[in-house]
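When a residue number appears, it is its place in the shown sequence, counting from 1.
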Amino acid sequence: MPAKIPATVVTGFLGAGKTTLIRHMLQNAQGKKIALIINEFGDLGVDGDILKGCGDEVCTEDDIVELSNGCICCTVADDFIPTMEALLARPDKPDHIVIETSGLALPQPLVRAFNWPGISTKVTVDGVVTVVDGRAVHDGQFAHNVAAVDAQRAQDENLDHETPLSELFEDQIACADMIVVNKTDLLAASEADALSSKLKAESRDGVQVVKASMGALPVDVLLGQGIGAEGDLEARHEVHHHHHHDDDEEDHDHEHEHGHDEFESFIVTRGEIADANAFAEQVADVIRANNILRLKGFVAIAGKPMRLTLQAVGPRVDTYFDQPFGDAPRETRLVVIGEAGLDQAGIAAALQA
């Protein structure tokens with residue numbers, strides 16, 4: 001059976017920075033062919049136009065679909081499922097699907113839809129990414145422009161839930177596999193750290209909280225979480241059983257290019273490993289001790305002609321043998337990715353121990 005296509009659900013209130021995050025992802029996609037489903041609402045497809053203008057081969061107009069019939073979680077059967085079926089029926093299937101929800105859309109019903117017949121065997125939810133406006137949340141407002149959110153709520157005729165923003169926010173956090181505290185350039189470092197710690201404490205075990213400004217996240221951090229969220233709905237239950245909507249967002253829009261100063265990566269090499277299972281546990285321990293976001297690479301196991309592929313998202317480590325080393329050096333080579341300030345020497349020493 002062919003591997004399922006991974007899909008990432010991006011949620012968050014109007015103005016949190018979802019569109020900027022996705023635009024940055026498309027411009028730095030590293031050759032991945034990405035299909036994008038945008039839950040645009042209203043007469044002006046602003047976000048669709050912005051994203052179609054990204055000018056990269058990974059996001060041609062054929063790869064971008066807009067759903068403009070209102071809040072995506074209220075129109076799953078009529079709107080989202082047919083769109084997914086059409087996308088999956090294409091001969092040139094994407095490497096990854098990214099779904100940008102309306103800002104007032106609950107992620108849970110959308111994740112649940114991936115269990116529908118015809119969808120469940122072909123695509124899986126790689127992860128749910130909740131983008132929050134760091135400045136607004138720090139100030140207790142959840143959205144920078146609450147009036148704009150309320151105006152969009154009023155425009156959606158299909159909206160079947162009236163919910164306070166604070167409760168919608170809790171639902172979005174409850175479903176998240178990764179929380180992106182965006183607009184950290186508008187916060188003091190201590191404020192950003194405190195907010196990140198608070199959100200981490202309020203979320204499920206294993207949820208990663210990362211800081212960003214201008215939505216600039218490395219693709220290796222954003223995609224490839226491998227969660228399979230549709231099989232884990234009990235853990236991400238809706239805190240409040242209602243619904244909600246909003247359109248996407250106009251960010252505090254900085255057009256200048258923003259780098260990945262908040263993140264760093266480095267390579268650790270070592271010789272052959274005697275015990276694959278023990279090494280996987282060692283890697284998980286190092287990740288927990290150092291708040292590493294991603295760790296991936298290849299491991300040489302003594303006596304085994306095949307190289308062991310190792311991929312870790314947070315402390316969850318997956319391994320499998322993929323191909324013979326052939327003429328390549330029999331060495332272990334790991335890439336470590338995390339937020340800036342990692343103790344590179346300490347991590348390398350721990351992985352080489």
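The shortest non-hydrogen separation linking Ala7 to Ile99 is CB-CD1, 4.4 Å. Nearest heavy-atom pair across Ala212 and Ala216 is CB-O, 4.1 Å.
Evaluation of the salt bridge (Lys or Arg N to Asp or Glu O under 4.0 Å) rule for Lys122 yields no partner, not counting sequence neighbours. With sequence neighbours left out, the salt bridge (Lys or Arg N to Asp or Glu O under 4.0 Å) criterion links Glu331 to no other residue. Partners of Gln344 according to the side chain to side chain donor-acceptor pair (under 3.5 Å) rule, which considers only residues two or more places apart in sequence or in another chain, are Glu264.
Side chain of Asp177 to backbone of Val207: no donor-acceptor contact under 3.5 angstrom is found. A donor-acceptor pair is defined here as one N or O able to donate and one able to accept, closer than 3.5 Å; no such pair exists between the side chain of Ser120 and the backbone of Phe114.
Applying the salt bridge (Lys or Arg N to Asp or Glu O under 4.0 Å) rule to pairs touching residues 333-353 yields Lys211-Glu339, sequence neighbours excluded. Screening residues 297-308 for salt bridge (Lys or Arg N to Asp or Glu O under 4.0 Å), with sequence neighbours left out, gives Arg307-Asp322.
Side-chain contact check for Arg316 and Gln225: no donor-acceptor pair (N or O, by modelled atom type) lies under 3.5 Å.
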Any chance you could lay out the salt bridge (charged side-chain N to carboxylate O under 4.0 Å, His left out) test for Lys32 and Asp95, step after step, and finish with the verdict?
CA-CA 6 Å; Lys32 280 184 186 291; Asp95 299 321; over 6 Å; no
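Of the residues listed (Val210, Asp220, Val313), the one engaging Leu293 in a side-chain contact (heavy atoms from CB on, under 4.5 Å) is Val210, and it is the only one.
Residues Phe266, Val268, Ile273, Phe279, Val283, Val286, Ile287, Ile292, Leu295, Val299, Ile301, Met306, Leu308, Leu310, Val317, Phe321, Leu334, Val336, Leu342, Ile347 make up the rest of the hydrophobic cluster containing Leu351, defined by ILVMFWY side-chain heavy atoms closer than 4.5 Å, directly or through other members.
Comment: Arg112 does not engage Glu230 in a salt bridge, judged by the lack of any side-chain N to carboxylate O separation of less than 4.0 angstrom.
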